[in-house]
Amino acid sequence: MVLNILEKAKRKEELCVEEIEALLSITDPEELQALFDCAYFIKEQYVGKIAYFRGLIECSNLCMKDCYYCGIRKSNKNVDRFQMDEEEIFKEAMWAFEAEYGSCVIQSGERQDKAYIEMIERVVKRIYEATNKEMGITLSLGEQSEEVYRRWRQAGASRYLLRIETTNPELYAKIHPADHSMEERMECLRRLRRTGYQVGTGVMMGLPGQTMRDLANDVVFLKTIDIDMVGMGPYIPHSDTPMGQEIPPYTDAQKKAALTLGLKMIAVTRIVLKDINIAAATALQALEYTGREQGLKCGANVIMPNLTETEYRPKYQLYDNKPCTDENSAMCRGCLSGRIKGIGETIGFKERGDSPHYRKRTKN
Ligand code: 5AD
Ligand code: FES
């Protein structure tokens, strides 16, 4: 049954939600390998064996949201809050440019105040101009108004990441406070499309109560909204959050299961969406040291080396055991370069690495 579905996928026939669910439900090791091989086959055909680096700048852990799973939620009093200034963000982005990364990602907790919006606008403009408009600038700064998205786009940002987290409305309501609206999140994704970004979204896998059918529906959703980029990762409990307090830290067996589920979702997303960019999330590496390379072997083609100053890293803990908190930008560059060569892929240095899907979509 599973092998038939994979054959169908290789012939580029469309899969229905039941077939996607069947692939996500694989447990047999041989079938699992066949799934990963099929995803890698499709990855090679559509995006090649090139991994693109996106230098990640986690510029602030201040957040007005209170998601029950996230370590930097506003009610977590154990977080030492920080905010990089414009100069610090600019410096890190320039480090990435000089290190030949094709793009950088500016990420933070959610803030919608005027001072913050203007600071981001200024720094994006500076990075864009200082890199001769060559470096891709991605933002991951949460829900904003259409006007704000437009201003940042005009300043020079070309991509935006905003995870939907889950497309099951009941599950969304369980993992967020009542005033966090899934419909608003959906509307933001539409705004981002309207304002001309390459749009990325994604979900968390392995949430309490989440079923394989939920995840299959998530993949169908990604396809339906015609997304350009996907960033998704396994849910990992954080001990200072309401959800994390209900679940004891993962055992080794639970870590393995969470990693496998994360890899299956990457593989299935590659098989179904084909020519998009898919990131191997850092959370994969929190579960196993080689988690991110395994992500590339299962269909991901983007990796996000951390650029954040070492001093700030321990303060940006979305989940427990986040890797690379003692390292610096140069160490992550060297380490990840070695890992990628180790699996026989090349790194797309100096290339923006736009998603082929986006290029096709905007040509017509
Ligand atoms: N485990 C895994 N991922 C998490 N995120 C937040 N908290 C966790 C967690 N405990 C993810 C969310 C968010 C992204 C920035 O980090 O998907 O969108
Ligand atoms: Fe940061 Fe290996 S990726 S040290």
Side-chain angles (χ1 to χ4, degrees), residues 54 56-76 78-79 105-111 138-144 159-168 171-172 174-177 180 182 184-186 188-189 192 199-208 210 214-215 218 221-222 227 229-250 254-255 257-259 261-263 265-266 269 278-288 291-292 295 302 304 306 308 313 315-323:
R54 320 296 193 206
L56 178 62
I57 305 169
E58 296 154 334
C59 71
S60 171
N61 61 5
L62 292 164
C63 192
M64 47 184 270
K65 288 287 179 79
D66 222 5
C67 309
Y68 296 144
Y69 45 84
C70 183
I72 63 167
R73 63 197 299 270
K74 100 177 148 191
S75 299
N76 185 3
N78 297 331
V79 181
V105 182
I106 302 176
Q107 185 177 79
S108 74
E110 203 167 292
R111 275 180 67 179
T138 306
L139 301 179
S140 177
L141 305 170
E143 295 172 9
Q144 304 288 345
R159 307 174 178 151
Y160 205 102
L161 300 171
L162 181 67
R163 288 189 182 172
I164 189 73
E165 316 295 1
T166 173
T167 59
N168 175 334
L171 188 55
Y172 192 97
K174 261 193 212 145
I175 64 174
H176 295 104
H180 291 32
M182 179 169 164
E184 175 64 13
R185 188 66 62 101
M186 293 276 187
C188 283
L189 290 171
L192 288 164
V199 184
T201 190
V203 297
M204 284 183 286
M205 299 77 108
L207 290 163
Q210 190 180 39
D214 288 332
L215 290 170
D218 291 343
F221 166 79
L222 297 173
I227 205 77
M229 320 183 284
V230 167
M232 55 189 177
Y235 163 65
I236 302 173
H238 185 296
S239 54
D240 283 333
T241 59
M243 274 166 65
Q245 274 157 9
E246 276 173 30
I247 318 170
Y250 279 174
Q254 283 173 309
K255 282 188 191 167
L259 175 68
L261 180 60
L263 297 174
M265 268 298 271
I266 290 179
T269 303
I278 304 179
T282 313
L284 295 171
Q285 196 181 321
L287 297 168
E288 201 167 288
R292 284 199 270 183
V302 165
M304 294 162 64
N306 201 318
T308 311
R313 293 189 183 196
K315 301 177 184 168
Y316 202 87
Q317 295 265 10
L318 308 182
Y319 44 82
D320 288 337
N321 297 321
K322 189 165 171 241

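Computed from a prediction, not measured in an experiment: that's the story for all the values here. Indexing begins at 1, ligand by ligand and atom by atom, following the structure's order.
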Give the residue, atom name and distance (to 0.1 Å) of the protein heavy atom nearest atom 15 (C) of ligand 1.
-> Leu318 CD1, 3.8 Å
Quick one: look up the protein heavy atom nearest atom 7 (N) of ligand 1 and list residue, atom name and how far away it is.
-> Tyr69 CD1, 3.4 Å
Short N or O distance, Glu165 and ligand 1, threshold 3.5 Å exclusive | yes
Could you say whether the N/O atoms of Ile236 and ligand 1 ever approach to under 3.5 Å?
-> yes
Contacting atoms of ligand 1, where contact means under 4.0 angstrom from a heavy atom of [X]:
X	answer
Arg163	11 (C), 12 (C), 14 (C), 16 (O), 17 (O), 18 (O)
Tyr235	1 (N), 2 (C), 9 (C), 10 (N)
Met204	2 (C), 3 (N), 4 (C), 5 (N), 8 (C), 17 (O)

Any donor-acceptor N/O pair, Lys65 side chain to His180 backbone, under 3.5 Å | no
Residue pairs meeting salt bridge (charged side-chain N to carboxylate O under 4.0 Å, His left out), one or both in residues 237-248, sequence neighbours left out, come to none
Is the shortest distance from a Lys or Arg side-chain nitrogen in Glu288 or Lys255 to a carboxylate oxygen in the other one below 4.0 Å?
-> no
Do Arg159 and Arg54 come within less than 4.5 Å of each other through their side chains, counting heavy atoms only?
-> yes
Minimum side-chain heavy-atom gap Asn321-Ile236 below 4.5 Å | no
Taking atom 2 (C) of ligand 1 as the point of reference, which of Pro234, Ala258, Ala283 owns the nearest heavy atom?
-> Pro234
Using only heavy-atom distances, determine whether the side chains of Thr308 and Asn306 contain a donor-acceptor pair under 3.5 Å.
-> yes
